[in-house]
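All values derive from a computational prediction rather than experimental measurement.
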Amino acid sequence: MSDSDGGPKQVDDPNYHSENHTAVQTCGWTKNALRGEGKCYKNIFYGIESHRCIQMTPVVKCNERCVFCWRDHAGHAYELGDVEWDDPAAVADASIELQTKLLSGFGGNEEVPRERFDEAMEPRHVAISLDGEPSLYPYLDELIEEFHDRDITTFLVSNGTKPEVLADCDPTQLYVSVDAPDRQTFDSTVKAVDDDAWEKLIETLDVLAEKDETRTVIRTTLVNGHNMHHPEWYATMVERARADFVELKAYMHVGHSRGRLDRDSMPDHEDVVAFAEEMQQYLPHDELKQVPASRVAMLAAESDTWVPKLNKSSEFWERDPLAE
């Protein structure tokens, strides 16, 4: 959405479906799961049902310009002061309505069992991670609670530049991107808009350390020739955050990142696992899991890494509208 007066360029990608500043895009793994062609690595690691997961954002604007990002940085060039913010209930409503509308065509797909389609029409998870930096939405903590009140789990992904906002947020699982082990690498790889972004990220690590109920994840996009060095420094940041999990994922040469990086910047899955094993030497996270199809590795302290409420015997699933 962009207006003729040169106002907010809030949603300009035709692949995004939006309602005011709320945007939703159907994840490829959601489509695969509907057709029985596999599930996202978040199912393997954490128990998320891919066909019932919404990928959304309450704001399509970011305050970083990561070289590996597949998004169009030009779409973030507008002022937040021009945005008329919807309340959290409206954002949640829009997210669900957009998701079910996007998936409605699968109802006539012979490859999709009717029961699975009916389940997809009743989302149980939301990944607040599509685009932009969610903590720029002024009511993020209330939005998370709005989803929880609807019995929908929340996975929030943030770049950690707003520690004061994240301190008030208690999603089901909180991811913070740590894409550099030092300030110099941060400046060349993340290219933050604000001069104090590195310092804010370090503050956010301390915020994570104080989280008792919220599961926390340090996630890193690994890029050959940019940030795949000093695994011990990354480990120090993980320890400072007292993070429950570490996710290391290979950069993928897709979208607008192809104008900034070449294909050689993509690590092989074996490289990702090797880096995870190097980090593991400095951490108490003895468990290593991996999904080669997604070029992702995860470190954890225990073998059971699923969100407890997502175990099929839980009250969460007993309350499922389609439980019968």
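Interatomic distance, CD of E146 versus OG of S95, reported as 10.5 Å (0.5 Å rounding). Summarising the geometry, atom CG belonging to L166 is positioned 11.5 Å from atom OG1 belonging to T216; distances are rounded to the nearest 0.5 Å. For the atom pair NE2 of H148 and CD of E145, the computed distance is 6.5 Å after rounding to the nearest 0.5 Å. Rounding to the nearest 0.5 Å places CH2 of W317 at 4.0 Å from NZ of K312. From Q173, atom CD reaches atom CD1 of I48 across 8.0 Å, with rounding to the nearest 0.5 Å. The CZ atom of R260 sits 9.0 Å away from atom SG of C66, with the distance rounded to the nearest 0.5 Å.
With hydrophobic clusters built from ILVMFWY side chains whose heavy atoms lie under 4.5 angstrom apart, M121 does not share a cluster with I152.
A pairwise comparison of heavy atoms in V60 and A23 identifies CG2-CB, 3.9 Å as the closest pair. Across all their heavy atoms, P123 and Q99 have their closest contact at CG-CG, 4.5 Å. Pairing each heavy atom of P284 with each of E239, the nearest pair is CD-OE2, 4.2 Å. E84 and N20 get closest at one heavy-atom pair: O-ND2, 3.1 Å. In terms of heavy atoms, F186 sits closest to A192 at CE2-CB, 4.1 Å. For the residue pair D86 and Y137, the shortest heavy atom distance occurs at O-OH, 2.8 Å.
Checking Q290 against H269 by side-chain atom types alone, a donor-acceptor pair falls below 3.5 Å. Counting only N and O atoms by type, the side chains of N224 and D264 include no donor and acceptor under 3.5 Å apart. The closest side-chain donor-acceptor pair between H21 and T57, if any, does not fall under 3.5 angstrom. With hydrogens and angles left out, the side-chain atoms of K289 and T305 include a donor and acceptor closer than 3.5 Å. Counted by atom type alone, N227 and D179 present zero donor-acceptor pairs between their side chains at under 3.5 Å. There is a side-chain donor-acceptor pair under 3.5 Å between Y41 and E247. In summary, the side chains of H285 and Q280 do not present any donor paired with an acceptor at a separation below 3.5 Å, with no hydrogens or angles considered.
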Criterion side-chain hydrogen bond (donor to acceptor under 3.5 Å, both in side chains) on S314 and N311, from CA distance to verdict
CA-CA 6 Å; S314 69; N311 289 305; over 6 Å; no
Please lay out, stage by stage, how R240 and D206 fare under the test salt bridge (charged side-chain N to carboxylate O under 4.0 Å, His left out).
CA-CA 7 Å; R240 179 163 180 164; D206 295 333; 2.8 Å; yes
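Remark: K31 does not engage E37 in a salt bridge, criterion side-chain N to carboxylate O under 4.0 Å. Salt bridge annotation for R150-D93: present, with a cationic side-chain nitrogen under 4.0 angstrom from a carboxylate oxygen.
A donor-acceptor pair under 3.5 Å links the side-chain atoms of T30 to the main chain of S50, judged by distance alone. A distance-only check finds a donor-acceptor pair linking the side chain of R258 to the backbone of G255 [under 3.5 Å]. Judged purely by atom type and a 3.5 angstrom limit, T100 uses its side chain to pair as donor or acceptor with the backbone of I96. Formation of a donor-acceptor pair under 3.5 Å by the S265 side chain with backbone atoms of D262 is found in this model.
Under the 4.5 Å side-chain criterion, counting only non-hydrogen atoms from C-beta, V223 is in contact with L261. Residues T26 and Q55 are not in side-chain contact: their nearest non-hydrogen atoms beyond the backbone lie 4.5 Å or more apart. In this structure, M56 and V126 have side chains that are in contact, with non-hydrogen atoms separated by less than 4.5 Å. Taking the side chain as every heavy atom from C-beta outward, L222 and K249 never approach each other to under 4.5 Å. The side-chain heavy atoms of L174 and R215, taken from C-beta on, include no pair separated by under 4.5 Å. Considering only heavy atoms from C-beta on, L156 stays 4.5 Å or farther from T154 through its side chain.
For the pair R124 and F316, the cation-pi test (distance below 6.0 Å, angle within 45°) is passed.
Ring geometry for Y251 versus H253: interplanar angle over 60°, hence perpendicular rather than tilted (30 to 60°).
In summary, the aromatic rings of W85 and Y139 are positioned with their centroids too far apart to meet the 6.0 Å limit. Between F45 and F245, the gap from one ring centroid to the other reaches at least 6.0 Å. In this structure, the ring of Y46 has its center no less than 6.0 angstrom from the ring center of W306.
Heavy atoms of other residues, nucleotides or ligands lying less than 6.0 angstrom from NZ of K162 number 12 at most.
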